[in-house]
Amino acid sequence: MDRRYVKIGALAAVVILLGVGVYLYAGGSEAEKIERTGIVLEDGAKLGLMVPQHTFDKGITSISDLEANAGDFKGKIIGIDSGAGIMEMAENAISDYDLSSFELTTSSEAAMLAALESALTAGEDIVVTLWDPHWATGTYSIKYLEDPKLSFGEAESIESWARPGLKAEDAVLAGIMERYTYDISEFSGLLAHIENSSDSVAVAAREWLDSNTAIKDRWLGDAEHQSDRGEIRIGLVSWACAMGTSNVLKHLLEYVGYEVTLSTMDAGVMYTGLSNGDIDLITTAWVPLTHKHYMNMYA
Ligand code: PBE
């Protein structure tokens, strides 16, 4: 082959490789980031390990008291779904407090609450992963164990997040999401209303929204009904708090003309789906610590 063509070919290859290098360096290969749309609850959330009042009263008041009394708990900390951030925190607590006689069981929020309720009824000891806001902490006679090593962090906030690009595409939606904030009594009131209702979560959430017109108006702001605003897919995990805020948001968005679907999934699937655009919105991002792992991956 003519040496001239070899040289031109080599030069072209170098130019292409440089171009690809610059593109990658500039972040072109990275997936786009998910975006925060609002603060659903500022600072009002917390997490920890909880025990019955009768367990607390016999002197087990701190996570550091667990190891010496492991037998009372059959060596088990009752957890929830494996994707929940609180599970990672509980594993950290096991190592932070040297709870080598304990294992963390994986189940679901519903199964954890059922185990808690039967231990309370039977007067037995149990230690569960639990958090606030949750209707259970106000209903059952239970206490948080002290957490001097802060394995469960300090005050958390709950945020809403959107798939990459959604905020820029839809200013009306971005405005509603920015206004979609609760104070702690509104949030707790919603969860209590849903728990005490004999209707489905969807129906109870709609009732709550329709009977709190001042809150509804605050969230709607200047957004008016317009038909055909498009479809919004909200992803959630079957945690009481996420079900409450997702169902209320569904009704709120339908009110101004969106078509809204709710999809319940595992926490990991929810964040992956948000980052690749399979879902549009979530209302259950717990920060700074609980969902740090997911935020580090996608935000
Ligand atoms: N929770 C409820 C979730 C966030 C909302 C505390 C169980 C979690 O641990 O990821």
Side-chain angles (χ1 to χ4, degrees), residues 34 36 38-50 63 77-94 104-116 127-140 142 144-145 147 150-161 180-182 184 187-188 190-192 194-195 201 205 234-249 262-275 279 281-299:
I34 60 172
R36 184 194 0 249
I39 302 174
V40 178
L41 180 69
E42 188 161 27
D43 281 351
K46 69 174 282 187
L47 309 95
L49 296 181
M50 296 194 82
I63 301 176
I77 296 172
I78 309 299
I80 57 168
D81 45 290
S82 61
I86 200 171
M87 294 295 277
E88 208 177 322
M89 294 164 144
E91 290 292 359
N92 290 341
I94 288 175
L104 176 65
T105 67
T106 303
S107 60
S108 64
E109 181 183 321
M112 175 274 291
L113 291 170
L116 175 61
V127 55
V128 301
T129 58
L130 199 45
W131 57 93
D132 270 292
H134 198 297
W135 58 264
T137 60
T139 301
Y140 298 132
I142 53 180
Y144 279 104
L145 292 177
D147 175 21
L150 297 180
S151 305
F152 292 88
E154 295 180 278
E156 292 269 300
S157 291
I158 304 175
E159 298 178 343
S160 60
W161 283 67
Y180 189 59
T181 66
Y182 293 73
I184 187 67
F187 202 117
S188 305
L190 168 66
L191 298 188
I194 292 171
E195 175 56 19
V201 179
I234 301 175
L236 69 149
V237 185
S238 55
W239 302 318
C241 47
M243 290 191 279
T245 54
S246 302
N247 274 276
V248 168
L249 182 62
L262 296 184
S263 307
T264 302
M265 54 192 78
D266 171 80
V269 175
M270 178 179 78
Y271 277 99
T272 311
L274 194 63
S275 89
I279 56 174
L281 278 176
I282 66 170
T283 64
T284 187
W286 281 47
V287 291
L289 193 56
T290 315
H291 290 173
K292 185 176 172 195
H293 175 85
Y294 294 122
M295 289 293 165
N296 285 345
M297 283 199 280
Y298 301 114

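Order of listing sets the numbers, starting from 1, for every ligand and every atom in it.
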If you measure only the distance, is there a donor-acceptor pair under 3.5 Å linking the side chains of Thr283 and Ser246?
-> yes
Cut-off 3.5 Å, side chains only: do Glu42 and Ser157 have a donor facing an acceptor?
-> no
Within the structure, does [X] bring an N/O atom to less than 3.5 angstrom of an N/O atom in ligand 1?
X      : value
Gly85  : yes
Ile86  : yes
Trp239 : no

Kindly confirm or rule out a cation-pi arrangement of Lys46 over Tyr144, judged by NZ or CZ under 6.0 Å from the six-membered ring centre and within 45° of its axis?
-> yes
His291 and ligand 1 - part of the residue with a heavy-atom distance under 4.0 Å | side chain
Between the main-chain N or O of Pro133 and the side-chain N or O of Thr137, is there a donor-acceptor pair closer than 3.5 Å?
-> no
Determine the interplanar angle of the His291 and Trp239 rings, folded into 0 to 90°, and report it as parallel if under 30°, tilted if 30 to 60°, perpendicular if over 60°.
-> tilted
Atom 7 (C) of ligand 1 sits nearest the protein heavy atom Ile80 CD1, 3.4 Å
Find all atoms of ligand 1 within a distance of less than 4.0 Å from any non-hydrogen atom belonging to Cys241, and give their numbers and elements.
-> 2 (C), 5 (C)
Rounded distance [0.5 Å steps], OG1 in Thr129 versus CD in Glu109 = 9.0 Å
Selected option - heavy-atom contact closest to atom 6 (C) of ligand 1, from Leu47, Thr290, Leu289 | Leu47
